[in-house]
Amino acid sequence: MITGAGGQLGHALAEAFPDARALERADWDVTYPPPPGLAADLVLHAAAWTDVDGAEDDPQEAAAVNVGGVQHAAELGAPLVVWSTDYVFDGAKRGPYVESDAPAPLGVYGRTKLHGEAAAGERAWIVRSSWLFGSTSKNFVRTMLRLGAEHDEVAVVDDQRGAPTYVGHLAEATRQLLHLPFGLYHVAASGDCSWAEFAEAIFDEAGLDTRVRRITTAEFAARAPRPANSVLRSEKGAPELPHWREGLRECLARL
Ligand SMILES: NC(=O)c1ccc[n+]([C@@H]2O[C@H](COP(=O)([O-])OP(=O)(O)OC[C@H]3O[C@@H](n4cnc5c(N)ncnc54)[C@H](OP(=O)(O)O)[C@@H]3O)[C@@H](O)[C@H]2O)c1
């Protein structure tokens, strides 16, 4: 069973696991216990509150989805895959974050995701990934393509680094992950870049001559704080993903 099938990762999971039952919010609002009769051999729990800035204004609802939702998914009693985030870290480390690094979330979203990890129980794979993008739903690639078509220049943050991860690659890697013991894994694209470098690559690959004006996190002034360093690597033999630029090319080919 897949939850959150209307989201970008859920959509990719439904493609990678074509026999799975794909549930959207209308089928099961995960802030409620599972509907009677719902059963699964394996739960791929991609439903989540992902509005990082909005979580600052509505921490209770964010927790209801990101913590309560995981608890409810675990109540189904089947092995569970839950996805977590680079935002469980404060970004102060030099070099990539590995599974044994201590989390220290900066904002509400990261805190709820960290509590969600704890709610997954013993029979779960917890997959921390970063900067997801795909050919569906709202994400940075689709936003940049829209802005790039409308403007000659776009201002993009250049002092946060991460590994933009294509949901198609992450969904495929989930198949491999199921052969590993339950536990916490970092699974993100190879390579890293800043948001500004990512935007430049998007315009380059899409054949747009939009300029990127590099700005700081402080200039962008988002509601929620974000880690300066979001780069994840695995010290536990988690599946390795292709380079983020390869993911970008696959995504653009789909678009
Ligand atoms: N996006 C990122 O950059 C990123 C980075 C690292 C980790 N992650 C994690 O990866 C996972 C997948 O993220 P994503 O980018 O695919 O998110 P997404 O595109 O926002 O999809 C999340 C899905 O969850 C659904 N949902 C929200 N509240 C729900 C509820 N109460 N009951 C049932 N469904 C509900 C949403 O439905 P509606 O469309 O109806 O709201 C949406 O379809 C999440 O666990 C996220 O925290 C994301």
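None of these values were measured; they are calculated from a predicted model.
- Annotation: ring pair (Phe, Tyr, Trp, His ring centres under 6.0 Å) contacts of Trp244 (sequence neighbours excluded): Phe198.
- Between Leu184 and Ser84, every side-chain heavy-atom pair lies at or beyond the 4.5 Å cut-off.
- Between Asp86 and Arg226, none of the side-chain N atoms (NZ, or NE/NH1/NH2) sits under 4.0 Å from a carboxylate O, so this pair counts as no salt bridge.
- Legend: residues meeting salt bridge (Lys or Arg N to Asp or Glu O under 4.0 Å) with Arg245, ordered by chain and number and at least two apart, are Asp204, Glu205.
- Distance check, rounded to the nearest 0.5 Å: CD of Gln160 to OG1 of Thr216 gives 10.0 Å.
- Among Trp131, Phe133, Trp195, the one residue that satisfies the ring-ring contact (aromatic ring centres under 6.0 Å, His included) test with Phe140 is Trp195.
- Under the side chain to side chain donor-acceptor pair (under 3.5 Å) criterion, Gln176 pairs with no residue at all, not counting sequence neighbours.
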Evaluation steps, side chain to side chain contact (heavy atoms under 4.5 Å, CB included), between Arg21 and Asp27: CA-CA 11 Å; Arg21 183 168 174 197; Asp27 304 308; over 6 Å; no

Which pairs of donor and acceptor atoms, one on a side chain in residues 87-104, lie under 3.5 Å apart (sequence neighbours left out)?
{"residue": "Asp90", "atom": "OD1", "partner": "Ala92", "partner atom": "N", "Å": "2.9"}
{"residue": "Asp90", "atom": "OD1", "partner": "Tyr97", "partner atom": "OH", "Å": "3.3"}
{"residue": "Lys93", "atom": "NZ", "partner": "Pro96", "partner atom": "O", "Å": "2.7"}
{"residue": "Lys93", "atom": "NZ", "partner": "Asp101", "partner atom": "OD1", "Å": "3.4"}
{"residue": "Lys93", "atom": "NZ", "partner": "Asp101", "partner atom": "OD2", "Å": "2.6"}
{"residue": "Tyr97", "atom": "OH", "partner": "Gly91", "partner atom": "N", "Å": "3.0"}
{"residue": "Tyr97", "atom": "OH", "partner": "Ala92", "partner atom": "N", "Å": "3.0"}
{"residue": "Tyr97", "atom": "OH", "partner": "Lys93", "partner atom": "N", "Å": "3.0"}
{"residue": "Glu99", "atom": "OE1", "partner": "Glu235", "partner atom": "N", "Å": "2.8"}
{"residue": "Glu99", "atom": "OE2", "partner": "His186", "partner atom": "N", "Å": "2.9"}
{"residue": "Glu99", "atom": "OE2", "partner": "Ser234", "partner atom": "OG", "Å": "2.7"}
{"residue": "Ser100", "atom": "OG", "partner": "Glu235", "partner atom": "OE1", "Å": "3.3"}
{"residue": "Ser100", "atom": "OG", "partner": "Glu235", "partner atom": "OE2", "Å": "2.8"}
{"residue": "Asp101", "atom": "OD2", "partner": "Val98", "partner atom": "N", "Å": "2.8"}

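- Residues Ala173 and Val187 share a closest heavy-atom pair of CB-CG1, 4.2 Å.
- The OG1 atom of Thr217 sits 3.5 Å away from atom CG of Asp159, with the distance rounded to the nearest 0.5 Å.
- Side-chain contact check for Leu252 versus Leu145: some heavy-atom pair is nearer than 4.5 Å.
- Sequence neighbours left out, not one pair with a member in residues 71-83 passes side chain to side chain donor-acceptor pair (under 3.5 Å).
- Cluster annotation: Val141 and Val156 are assigned to the same hydrophobic cluster (Ile/Leu/Val/Met/Phe/Trp/Tyr, side-chain heavy-atom contacts under 4.5 Å, transitive).
- In this structure, the side chain of Thr165 does not engage the main chain of Ala188 through any donor-acceptor pair within 3.5 Å.
- Side-chain contact check for Glu117 versus Arg128: some heavy-atom pair is nearer than 4.5 Å.
- In this structure, Lys138 NZ and Gln8 CD are separated by 10.5 Å, a value rounded to the nearest 0.5 Å.
- In plain terms, the two heavy atoms of Leu42 and Ala78 that are nearest each other are N-CB, 4.0 Å.
- Of all non-hydrogen atoms in Ala196 and Asp158, the two that sit nearest each other are CB-OD1, 3.4 Å.
- Leu80 and Val127 are members of different hydrophobic clusters when ILVMFWY side chains are connected at heavy-atom separations under 4.5 Å.
- When hydrophobic clusters are built by joining Ile, Leu, Val, Met, Phe, Trp and Tyr residues whose side-chain heavy atoms come closer than 4.5 Å, directly or via intermediates, Tyr166 is not grouped with Leu232.
- Note on residues 55-67: pairs passing side chain to side chain donor-acceptor pair (under 3.5 Å), not counting sequence neighbours, are Asp57-Arg223, Asn66-Thr112.
- Tyr32 forms part of no hydrophobic cluster, judged by ILVMFWY side-chain heavy-atom separations under 4.5 Å.
- Within 6.0 Å of CD in Glu153 there are more than 12 heavy atoms belonging to other residues, nucleotides or ligands.
- No chain of hydrophobic side-chain contacts below 4.5 Å, direct or via other Ile, Leu, Val, Met, Phe, Trp or Tyr residues, connects Leu114 to Val67.
- In the displayed structure, Lys236 atom NZ is contacted under 6.0 Å by more than 12 heavy atoms of other residues, nucleotides or ligands.
- Enclosure of atom CZ in Phe182 by more than 12 non-hydrogen atoms of other residues, nucleotides or ligands within 6.0 angstrom is indicated.
- Glu197 meets the side chain to side chain donor-acceptor pair (under 3.5 Å) test with Arg161; sequence neighbours excluded.
- Taking every heavy atom of both residues into account, Ala47 and Thr3 meet most closely at N-OG1, 3.2 Å.
- Atom NE2 in His169 sits 5.5 Å away from atom CD in Glu246 (nearest 0.5 Å).
- With a 4.5 Å cut-off on side-chain heavy atoms, Leu38 and Leu23 count as touching.
- The side chain to side chain donor-acceptor pair (under 3.5 Å) search around Glu200 returns Arg214, not counting sequence neighbours.
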List the atom pairs, with distances to 0.1 Å, where a side-chain N or O of residues 9-17 and a protein N or O form a donor-acceptor pair under 3.5 Å, not counting sequence neighbours.
{"residue": "Glu15", "atom": "OE1", "partner": "Arg254", "partner atom": "NH1", "Å": "3.3"}
{"residue": "Glu15", "atom": "OE1", "partner": "Arg254", "partner atom": "NH2", "Å": "3.4"}
{"residue": "Glu15", "atom": "OE2", "partner": "Arg254", "partner atom": "NH2", "Å": "2.8"}

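- Formation of a donor-acceptor pair under 3.5 Å by the Asp53 side chain with backbone atoms of Ala224 is found in this model.
- Under the 4.5 Å side-chain heavy-atom criterion for grouping Ile, Leu, Val, Met, Phe, Trp and Tyr, Leu178 is connected to Leu241 within one hydrophobic cluster.
- Under the 4.5 Å side-chain criterion, counting only non-hydrogen atoms from C-beta, Met144 is not in contact with Thr210.
- Ala119 and Ala74 make their closest contact through O-CB, 4.1 Å (heavy atoms, listed as atom of the first residue, atom of the second, distance).
- Within the structure, side chain to side chain donor-acceptor pair (under 3.5 Å) pairs that include any residue of residues 143-152 do not occur (at least two apart or interchain).
- Scored by the side chain to side chain contact (heavy atoms under 4.5 Å, CB included) test, Pro18 finds Arg175 as partners (sequence neighbours excluded).
- The two residues Pro79 and Asp41 have their closest heavy-atom pair at CD-O, 3.2 Å.
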